[in-house]
Amino acid sequence: MLGSLFSNYFKENQFADKLQTIAFGVITPIFFIISGMKVSISLIIPLIGVLVLIFAVRQVSKYIGVFYLAKHYFNENKHFITYMMSTGLTFGLVAAVFGLNHNIISPSHYSLIIAILVLSAVIPSFIAQKFFKPEI
């Protein structure tokens with residue numbers, strides 16, 4: 001801390017930017033770890049059919065919505081762009097944590113939502129990297 005206070009970063013007003021970067025770099029993983037620790041697999045197992053249905057509807061609708069724009073602006077890599085943009089994790093995770101903490105959703109709904117969010121981040125990314133990775 002003393003090194004930062006006496007360095008040129010503090011005088012050039014870059015200290016706050018550096019400190020903010022470090023804070024987000026530390027706080028963000030902690031948020032994801034704590035959010036993941038609230039998930040109960042035993043609550044997801046009975047809802048596996050609902051999970052698959054919601055996941056499929058979510059992914060198909062996001063794929064269709066993104067594909068039109070990707071085809072228009074990135075025709076060569078339209079499938080890669082579509083799959084990468086069809087992921088979603090952070091906003092849904094924040095909303096789910098808020099809902100759980102304020103008793104808006106139950107722990108089983110929270111676990112289901114988080115499972116869907118994680119699957120929607122991992123599966124499209126895997127498909128995009130495996131089958132549609134653009135050539136550089």
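Here the CG-CD1 distance, from L100 to I113, works out to 9.5 Å after rounding to the nearest 0.5 Å. The OH atom of Y83 sits 5.0 Å away from atom CD1 of I127, with the distance rounded to the nearest 0.5 Å. Here the CE-CD distance, from M84 to Q129, works out to 5.5 Å after rounding to the nearest 0.5 Å. The line from CG of L53 to CG of L47 is 12.0 Å long, rounded to the nearest 0.5 Å. Rounding to the nearest 0.5 angstrom, the gap separating the CD1 atom in I33 from the CE atom in M37 is 8.5 Å. I54 contributes atom CD1, which lies 4.0 Å from atom CD1 of I116 (distance to the nearest 0.5 angstrom).
F91 and F98 sit in two unconnected hydrophobic clusters of ILVMFWY residues. Membership requires side-chain heavy atoms under 4.5 Å apart, directly or through other members. L51 and I41 fall within the same hydrophobic cluster, where Ile, Leu, Val, Met, Phe, Trp and Tyr residues are linked whenever their side-chain heavy atoms come under 4.5 Å apart, directly or through other members. Connection of V50 to V60 is not established within any shared hydrophobic cluster, with ILVMFWY side chains joined at heavy-atom distances below 4.5 Å, either directly or through further cluster members.
Residues A96 and I105 approach most closely at O-CD1, 3.6 Å, considering heavy atoms. The minimum heavy-atom distance between V66 and I81, with the atom names listed, is CG1-O, 4.4 Å. When all heavy atoms are compared, the tightest approach of P29 to G25 is CD-O, 3.2 Å.
Using a 4.5 Å heavy-atom threshold, the side chains of V97 and F31 count as touching. H79 places a side-chain heavy atom less than 4.5 Å from the side chain of Y63. Put simply, the side chain of V39 does not reach to within 4.5 Å of the side chain of V118, judged on heavy atoms. Annotation: side chain of Q59 is in contact with side chain of P124 (closest heavy-atom distance under 4.5 Å).
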*Check the pair I123, L119 against side-chain contact (heavy atoms from CB on, under 4.5 Å), reporting the backbone distance first and the verdict last.*
CA-CA 6 Å; I123 292 174; L119 288 175; 4.0 Å; yes
_Before you tell me yes or no, could you show the steps for R58 and L117 under side-chain contact (heavy atoms from CB on, under 4.5 Å), namely the whole-Å CA-CA distance, both residues' side-chain angles and the distance that decides it to 0.1 Å?_
CA-CA 10 Å; R58 180 185 193 282; L117 289 172; 3.9 Å; yes
*Under the side-chain contact (heavy atoms from CB on, under 4.5 Å) rule, what do F132 and T82 come out as? Steps first, then yes or no, please.*
CA-CA 10 Å; F132 300 108; T82 301; over 6 Å; no
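Residue F80 places its CZ atom among more than 12 non-hydrogen atoms of other residues, nucleotides or ligands, all under 6.0 Å distant. Surrounding CE of M85 are at most 12 heavy atoms belonging to other residues, nucleotides or ligands under 6.0 Å away. Around atom NZ of K38, more than 12 heavy atoms belonging to other residues, nucleotides or ligands sit under 6.0 Å away. Heavy-atom neighbours of Y68 OH from other residues, nucleotides or ligands within 6.0 Å: at or below the threshold of 12.
The side chain to side chain contact (heavy atoms under 4.5 Å, CB included) search around S40 returns S42, L43, S111, not counting sequence neighbours.
Of the possible polar contacts, none joining the Y110 side chain to the N101 backbone as a donor-acceptor pair under 3.5 Å is found.
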